[in-house]
Amino acid sequence: MSASTIDAPAAPRAGMRFVVEGPPVGALWRRALTRAVLVPLPVLAPLVALAPSRDHRFNLYWHGGLFRDDPLRIVPHTVDSLPGYLRLGNFRLFGRMLEKALDTAAYALSEVLGLPVNVGLRLVSFVSALVLCVVAVLLAESVVARGRLFRRAPSTVAAVVPFAVAAGFVAAGGSSPIVLFGGLYLASAALVLGVTAALCRVDPEKPLRRWVMPLLLAGGAALAAFNEIAYLTLPLATVAVTARGWLVLGWRPGRLFTGAPAQAVGLLWVGFLPVFLAVRVVIQRYCAAGNCYRGSDVQFGPATVEALPVRAIAWLPPLMWRAAAPRGSWLGGLVLIAAVLIIGWLAWLAVRDLPRLSQVGRRAASALAVTAGTLVLLGAGMGSLNADVQQLVASGRWGYGWRDSAVTTTAGALLLVALIHLVRTRLATGVLVAAIVLFAIAASVSAAVNKRQRDITMTNPAARLADRIAVEMADFDPGGGGGARRCELRAEFVKLHAGSPFSVRRFDESLEIASRQRAGVAFCPGVTG
């Protein structure tokens with residue numbers, strides 16, 4: 001697009017003047033989003049070979065073996081399993097499809113690259129974490145920007161957010177989304193933030209088109225059929241759209257509640273509520289009989305009230321550091337040095353861009369703080385309703401992760417960045433520089449903590465055995481020697497889990513399916529065949 005021109009008198013003859021301009025808007029955006037991709041990588045890298053645990057020990061091989069050659073089979077397989085899952089207390093139609101797709105991707109990636117499946121699992125979860133960090137930047141910009149998003153330079157918020165978010169990517173215990181089902185829960189959190197960002201950018205000057213309305217209704221129903229994290233989308237979007245309209249755009253109540261953004265949110269609610277309420281009624285009836293899966297059951301009582309404030313601060317990195325590495329020292333070593341060098345270089349690039357980024361006013365920072373604070377409370381509320389989380393709080397394990405951590409860590413980072421931007425002094429730029437440096441240091445420490453967490457995990461015999469199984473499956477030998485080694489691994493697993501016939505049965509089913517898919521032979525000939 002060429003700039004418009006106007007007629008003007010001829011300029012007087014004079015010496016040429018050179019003006020040194022900063023990089024164009026597009027370059028600033030590319031640099032901001034590139035940092036959002038790169039900053040989390042050194043934090044997560046120490047976990048790249050972390051052994052899978054709990055259901056993932058089996059699901060990777062089970063889903064990979066079932067769907068590697070026919071990914072579309074995921075849809076009917078998930079639909080057929082819904083009655084059983086409803087009786088266990090959860091309804092995650094699209095969430096389970098995503099989970100199976102991610103497991104299949106990890107399995108296929110490992111097969112193509114010749115790597116153990118645990119490496120493929122972590123690489124897939126890393127991608128979800130990077131997407132979440134990028135979407136966090138886009139949500140922040142979608143809230144604070146008045147006009148078209150990419151027609152102006154990104155704000156100073158975009159320079160700080162990647163470091164704050166990456167500092168929260170800590171493997172804080174076995175239930176943390178950085179350890180367990182990371183691809184699913186981090187991608188679900190990205191969905192929550194992404195939908196909210198899109199609704200904040202609905203053009204208020206144009207009416208909603210009619211063909212968009214049924215899509216919004218269907219989208220609301222889809223959110224209700226995704227998973228518990230996706231349930232947080234519409235309450236968050238309602239607050240974000242309202243806060244942005246009131247504080248950033250200065251709308252009056254009449255326009256605030258009748259404009260196109262509010263209409264879009266309302267249509268999503270209309271599609272969401274019938275599915276959500278119907279499913280919750282069915283689940284409540286099943287759970288009343290006491291047959292629900294503990295991780296899906298809802299328990300409201302005094303323990304919920306006690307857990308809520310704890311989960312509202314459990315995302316703070318220092319609390320998670322102690323949860324991830326409760327014993328031994330994690331300060332020092334090559335991982336910390338490498339993280340400081342890499343993240344420090346990225347922090348220097350962010351500081352260098354600060355003078356050319358858009359400034360954030362007090363009202364815009366307040367809107368972002370309200371949005372982020374709401375998501376912290378929503379995630380903490382979801383977590384505090386679970387009996388396992390209540391037990392964590394009761395036993396004093398405050399910084400341990402659970403599925404709510406996928407949203408509270410990111411929301412907490414956005415909240416801190418928003419509060420920093422509320423500081424109004426003559427040294428405002430210095431405050432932002434200090435914030436970038438502080439978050440960069442925290443992210444570097446998180447990298448060292450993750451390395452220590454992996455070291456602690458690999459002292460567990462079950463984790464070491466899972467590693468050996470993954471290596472054997474990666475270098476699959478269909479001959480007699482390979483079968484004998486796999487039978488030895490199975491014997492070790494049976495001995496290690498002698499008191500859990502369910503685990504042994506899942507092991508046999510999952511590894512048998514994967515072996516048949518990979519080479520057409522039994523995992524342990526004569527036993528699992």
Side-chain angles (χ1 to χ4, degrees), residues 23 27-50 115 119 122-123 125-134 136-137 154 156-172 176 178-179 182 186 316-322 324-325 328-357 409-410 412-413 416-417 420 429-458:
L28 290 171
W29 270 107
R30 286 192 295 273
R31 277 147 57 161
L33 296 179
T34 299
R35 283 193 294 271
V37 171
L38 294 180
V39 173
L41 285 176
V43 179
L44 296 167
L47 302 171
V48 70
L50 183 67
L115 296 172
V119 176
R122 299 305 166 191
L123 291 177
S125 66
F126 290 179
V127 171
S128 293
L130 303 184
V131 171
L132 177 57
C133 192
V134 170
V137 171
T156 51
V157 166
V160 188
V161 166
F163 301 94
V165 172
F169 287 151
V170 182
S176 167
I178 303 300
V179 175
L186 296 174
L316 288 167
L319 291 177
M320 293 193 292
W321 294 338
R322 291 184 60 85
S329 174
W330 32 261
L331 283 178
L334 292 177
V335 169
L336 180 62
I337 295 172
V340 168
L341 292 175
I342 297 171
I343 298 175
W345 173 65
L346 294 169
W348 178 80
L349 295 178
V351 170
R352 188 184 66 175
D353 279 348
L354 277 178
R356 297 183 173 91
L357 299 182
T409 53
T410 308
L416 291 178
V417 174
I420 289 168
T429 301
V431 171
L432 292 177
V433 171
I436 292 174
V437 172
L438 181 62
F439 287 133
I441 292 172
S444 301
V445 174
S446 293
V449 170
N450 284 340
K451 170 62 167 61
R452 179 59 184 161
Q453 206 280 339
R454 182 187 180 276
D455 293 343
I456 293 173
T457 299
M458 295 314 296

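Quick caveat: nothing in here was measured; it's all calculated off a predicted structure.
The shortest non-hydrogen separation linking Gly182 to Ser128 is O-CB, 4.2 Å. Of all heavy-atom pairs spanning Arg452 and Ala325, the tightest one is CG-CB, 3.5 Å. Taking each heavy atom of Val335 and Pro46 in turn, the nearest pair found is CG1-CG, 3.8 Å. In terms of heavy-atom proximity, Arg122 sits nearest to Leu50 at NE-O, 3.2 Å. The nearest pair of heavy atoms linking Val165 to Ala136 is CG2-CB, 4.2 Å. The two residues Leu130 and Val37 come nearest to each other via the heavy atoms CD2-O, 3.2 Å.
With a 4.5 Å cut-off on side-chain heavy atoms, Arg352 and Leu349 count as touching. Val39 has its side chain out of reach of Phe439: every pair of non-hydrogen atoms, C-beta onward, lies at least 4.5 Å apart. Residues Ile436 and Leu354 are in side-chain contact: their nearest non-hydrogen atoms beyond the backbone lie under 4.5 Å apart.
Interatomic distance, CG of Leu341 versus OG of Ser444, reported as 8.5 Å (0.5 Å rounding). Interatomic distance, CE of Met458 versus CD of Gln453, reported as 11.0 Å (0.5 Å rounding). Note: Phe163 CZ to Ile441 CD1 = 11.5 Å, rounded to the nearest 0.5 Å. Note that OG1 of Thr156 and CG of Asp353 are 11.5 Å apart. Values are rounded to the nearest 0.5 Å. Distance check, rounded to the nearest 0.5 Å: CH2 of Trp29 to CG of Leu357 gives 10.0 Å.
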I would like to know whether Ile178 and Leu186 meet side chain to side chain contact (heavy atoms under 4.5 Å, CB included); could you show each step before the answer? CA-CA 8 Å; Ile178 303 300; Leu186 296 174; 4.1 Å; yes
Determine whether Thr409 and Met320 satisfy the following criterion, side chain to side chain contact (heavy atoms under 4.5 Å, CB included), listing intermediate values before the conclusion. CA-CA 10 Å; Thr409 53; Met320 293 193 292; 3.9 Å; yes
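In this structure a side-chain-to-backbone donor-acceptor pair under 3.5 Å is missing from Asn450 to Ala45.
Each of Ser446, Ser176, Pro318 was scored for a side chain to side chain contact (heavy atoms under 4.5 Å, CB included) with Val170, with one residue passing: Ser446.
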